[in-house]
Amino acid sequence: MNWIIEQMWVKPAEGPLSNVVVTAAWRCNGEQVSGGKTYTGTCYGTASFEAPDPSAFVPYPNLTEAEVVNWVWAAGIDKTATEASVQSQINNQINPPVIVPPLPWS
């Protein structure tokens with residue numbers, strides 16, 4: 001699974017801090033090759049964050065995507081459930097739970 005941060009919203013100033021991330025838009029993508037075909041799934045959403053501890057504050061230009069993804073999980077986005085949902089989407093493409101066969105009288 002591949003987690004990415006697509007966008008971040010920041011407060012220009014919060015107390016003595018500047019460019020404080022308050023919300024991040026995230027996406028979890030999955031891909032699987034089966035029978036020579038590539039199947040994909042995705043989940044996306046946003047996570048909001050509490051005001052940071054000034055002593056642990058990381059300036060905006062120094063943030064890494066991995067660090068913000070960890071914030072997303074810490075903010076309550078369930079990594080395991082999200083990845084299971086993406087995998088379920090892929091599994092349902094490989095083995096559809098419902099199909100539409102041709103009409104028997106066609």
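Model, not experiment: these values are computed from the prediction.
- The shortest distance between side-chain heavy atoms of Cys43 and Glu83 does not fall below 4.5 Å.
- Remark: Trp9 pairs with no residue by the ring-ring contact (aromatic ring centres under 6.0 Å, His included) rule, at least two apart or across chains.
- For CD of Glu50, the number of neighbouring non-hydrogen atoms (other residues, nucleotides, ligands) closer than 6.0 Å is 12 at most.
- Contact check for Trp3 versus Ile77: side-chain heavy atoms found under the 4.5 Å cut-off.
- For residues 57-68, the set of pairs meeting the side chain to side chain donor-acceptor pair (under 3.5 Å) definition, not counting sequence neighbours, is empty.
- Listed by chain and residue number, Phe49 satisfy the ring-ring contact (aromatic ring centres under 6.0 Å, His included) test with Trp71 (two or more places apart in sequence, or in another chain).
- Clustering ILVMFWY residues whenever any of their side-chain heavy atoms sit less than 4.5 angstrom apart, transitively, puts Val22 in a cluster other than the one holding Trp73.
- Contact record, Pro101 with Ile99: CD-O, 3.5 Å, taken as the closest heavy-atom pair.
- Residues Leu63 and Val58 form a side-chain contact, since some pair of their non-hydrogen atoms from C-beta on lies under 4.5 Å apart.
- One hydrophobic cluster, built from ILVMFWY side chains closer than 4.5 Å, holds both Val72 and Val21.
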Show every donor-acceptor pair shorter than 3.5 Å between a side-chain atom in residues 28-40 and any protein atom, with sequence neighbours excluded, or say none if there are none.
from, atom 1, to, atom 2, distance (Å)
Asn29, OD1, Thr42, OG1, 2.7
Gln32, OE1, Gln87, NE2, 2.9

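- Shown here are the side-chain hydrogen bond (donor to acceptor under 3.5 Å, both in side chains) partners of Asp78, two or more places apart in sequence or in another chain: there are none.
- Closest non-hydrogen pair, Ile90 versus Gly41, comes out as CG1-N, 3.6 Å.
- The closest side-chain heavy-atom distance from Trp26 to Thr82 is below 4.5 Å.
- Within the 4.5 Å cutoff, no side-chain heavy atoms of Val20 are placed close to those of Ser18.
- In the hydrophobic clustering of ILVMFWY residues, with side-chain heavy atoms under 4.5 Å counting as a link, Met8 and Ile4 come out apart.
- When the side-chain hydrogen bond (donor to acceptor under 3.5 Å, both in side chains) test is applied to Gln7, no partner is found at least two apart in sequence or on another chain.
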